[in-house]
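Worksheet for the structure shown next.
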Amino acid sequence: MGVMETLTAQDAAERLKHAGLRSTAPRRAVIEALGAGGHFDTAELFEIVQRQLPDTTLQTMYVVLSALTEAVIVRKIEPAGAAAHYEIRVGDNHHHLLCTSCGHIEDVACAVGAAPCLTPSEHHDFDIHAAEVTFLGLCPNCRG
Ligand SMILES: [Zn+2]
Ligand SMILES: [Zn+2]
């Protein structure tokens with residue numbers, strides 16, 4: 001497991017400022033929700049943010065998540081066969097384990113060394129900067 005960091009509203013505001021984004025309540029709430037670690041889809045984040053900001057709409061969530069992803073404050077992962085998920089862990093090119101039964105997602109460190117950490121059998125003259133790998137399987141709960 002990686003180090004769990006908790007982000008306060010203050011930390012969230014600073015990340016937004018650093019990225020040149022206006023510090024709005026929904027943006028801060030999403031960053032705070034992701035701050036404890038883990039992977040959440042839009043519906044899960046919507047539920048968490050609505051507890052704090054009942055007026056938030058799903059449309060606002062889409063706009064906020066897209067702005068935060070573009071600013072590389074959050075990372076969007078789109079594993080095959082699962083909804084898009086968001087996480088606060090950006091920039092380290094880590095990979096994921098996805099349970100094909102319950103949809104649980106776990107982080108996996110780079111396969112070997114630094115990004116892109118995997119060498120494809122063909123590079124077709126691409127300058128490769130990242131590798132996104134999703135390992136599919138059954139989590140301990142679903143296997144049991
Ligand atoms: Zn499972
Ligand atoms: Zn992750």
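First listed ligand is number 1; within each ligand, the first listed atom is number 1. Worth knowing before you read on, the calculation uses all heavy atoms, side chains too, and leaves out hydrogens, waters and symmetry mates.
- P79 approaches I105 most closely through the heavy-atom pair CG-CD1, 4.3 Å.
- Salt bridge R51/E47: present, at least one basic N to carboxylate O contact under 4.0 Å.
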key: Residues T60, T57; criterion side-chain hydrogen bond (donor to acceptor under 3.5 Å, both in side chains); working and verdict   = CA-CA 5 Å; T60 302; T57 63; 2.8 Å; yes
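- Smallest separation of non-hydrogen atoms from H123 and I128: CB-CD1, 3.8 Å.
- The one candidate from E87, H85, E106 that meets the side chain to side chain donor-acceptor pair (under 3.5 Å) condition with H96 is E87.
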task = Step by step, work out the side-chain hydrogen bond (donor to acceptor under 3.5 Å, both in side chains) result for R28 and S23.
result = CA-CA 7 Å; R28 288 194 302 273; S23 176; 2.7 Å; yes
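- Here the shortest heavy-atom pairing between D41 and A83 reads CB-CB, 4.2 Å.
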request  = Using the side-chain hydrogen bond (donor to acceptor under 3.5 Å, both in side chains) rule, take H39 and D107 through it: C-alpha gap first, then chi angles, then the decisive distance, then the call.
outcome  = CA-CA 9 Å; H39 308 80; D107 286 336; 2.6 Å; yes
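- With waters left out, the protein N, O or S atoms under 2.8 Å from the Zn ion (ligand 2) add up to 6.
- Taken from OG1 in T134 to CD in E78, the straight-line distance is 10.5 Å, to the nearest 0.5 Å.
- If you look at the Zn ion (ligand 1), the protein N, O or S atoms less than 2.8 Å from it are C99 SG, C102 SG, C139 SG, C142 SG.
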